[in-house]
Amino acid sequence: MRSAYNLARWLVRNGDDAEDIVQEAFLKAFKAIDSFRGGDARVWMLSIVRNTAMNFLRKRKPDVTMDLDQLEPSDRSPNPEQALLEQSRREQVRRAIARLEPEFREALVLREIEGLSYKEIAAVLEIPAGTVMSRLSRARQRLLNELAPAEEVRHELP
Amino acid sequence: MNCRDAEPLLHARLDNELDVASAITVDRHLSECRACAAQYTALVNLQKEIAARQPGYTLPPKLEGKLASRFTEKATLLAWLWSRPWQSAPTVVGVAASIVLLMIFLPRMRTAGSTNIIAAEILDNHLRALQPGHLFDVESSDQHTVKPWFQGKTDFSPPVPDLTNDGFILVGGRLEVIHQQPAAAIVYKRRQHVISLYASSSPGAEGKFVLQELGGYHLLHWSHGEMSYWAVSDVAAADLRDFASLIDGAAGNGR
């Protein structure tokens, strides 16, 4: 359940919508229970969550805002020491992930936060395992570019 | 292997998704190519950074309650259907539904628990050690040479029994750090297969041998008294089990 919510939240980037999606996905899962062909229930559930979220995003207007906590720029903080706080670094990581293109974001979230294997990710996203690898590669390269400068600034501070 | 071929494989290596042969090929490239090695280090750090910041979102308790109560209603309905023997089709669906939902709702064992992190570390360490020149700090088939070598280097004395008659040949030892703990790595050979035994002083649940398979390797973990042990190798699981019980027996006798 936690995984379902986490994935939905990363896909739609908004807490309220994520809640709706999880509820809808669970109802769908319940109705479609006889289509469950065995295997990993978590992978099955996550792919239902993803499909539900995708349908939702298709209907949603593109200019809907993301969560405030993801847009709150920690680096705008007047106190540079403040920006070093654990919390803001977490927000920084979150914002960097949230800014990734959807196909890179979902692969990265399933791998780094949910700890799924390439095979499991491939099953949820319905893509070949090789594509999982190349998407992770692109996603990580972007994160390195986004997050590395902050790391350097951190070290240069007295 | 050139850098262009290596680049995507660095990710698979990082995620422990490579078979052993490819992992070794990638590691060889990393030891030769500074640019790729730097990239790999950056990726390792990125992965650690993400893990440390825990960017995942937790389920709001309100939603959990809502889902749980809905689930209970459905479960009651299913139980009712199940109690009616003539409803055979819904019974099958109902039972399947309950099982699947229980699988989802029951708190899942965290796949990335600390034992698994250590297992991955151990396997990485073992693979790294298989590279030329990395296997030993002390190279000897004599237990009386290998065992004393650890004196003053670790605050425990690792078991280094002579298992020649059981088909496990002692070849040496080295000092390692696993999960921020000093560990004695004792190396044995079973025919052409290398077995690394890691001993460190951290007490755990006694008496249980936990076997897992990772990237074609077997890892066996157990604890005895104040010590924890890991054995890793590409030998058959049964051989590794034999090896572990011999070591465990020897550790009990202070050898």
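On a predicted model such as this, the values are computed, not experimentally measured, just so you know. Side chains included, hydrogens not; waters and symmetry mates left out as well; all remaining heavy atoms used. Chain letters run A, B, ... following the sequence lines, proteins first and then strands; every chain starts at 1.
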At their closest point, which heavy atom of A12(B) faces which heavy atom of M133(A), and how far apart are they? CB-SD, 3.6 Å
Is it the side chain or the backbone of S134(A) that comes within 4.5 Å of chain B heavy atoms, both, or neither? neither
State, yes or no, whether a side-chain contact exists between R53(B) and R94(A) at a heavy-atom distance under 4.5 Å. no
Identify the two heavy atoms, one from R2(A) and one from Y57(B), that lie closest to each other, and give their separation to 0.1 Å. NH1-O, 3.6 Å
Quick check on Q54(B) against chain A: is it the side chain, the backbone, both or neither that has a heavy atom closer than 4.5 Å? both
The interface call for A42(B) against chain A, heavy-atom contacts under 4.5 Å, is both
Heavy-atom distance under 4.5 Å to chain B: side chain of L7(A), backbone, both or neither? neither
Between G56(B) and I113(A), the two heavy atoms sitting closest are CA-CG2, 3.7 Å
For R138(A), which atoms come within 4.5 Å of any heavy atom of chain B: side chain, backbone, both, or neither? neither
Given N45(B), D15(B), L10(B), the one with more heavy-atom pairs under 4.5 angstrom with chain A than any other is D15(B)
R9(A) CZ to T58(B) OG1 distance, which is reported to the nearest 0.5 Å: 8.5 Å
Contact part of Q47(B) toward chain A, heavy-atom cut-off under 4.5 Å: side chain, backbone, both or neither? both
When only pairs under 4.5 Å are counted, which of P60(B), P8(B), A51(B) shares the most heavy-atom pairs with chain A? P60(B)
Within a strict 4.5 Å, meaning less than it, do heavy atoms of the R140(A) and L14(B) side chains meet? yes
Side chains of L43(B) and L144(A), heavy atoms from C-beta outward: is any pair under 4.5 Å? yes
Q39(B) vs Q141(A), side chain to side chain contact (heavy atoms under 4.5 Å, CB included): CA-CA, chis, key distance, verdict: CA-CA 10 Å; Q39(B) 168 75 356; Q141(A) 196 50 55; 2.9 Å; yes
So, for Y118(A) and H11(B), which heavy atoms are closest and what is the spacing to 0.1 Å? OH-O, 3.1 Å
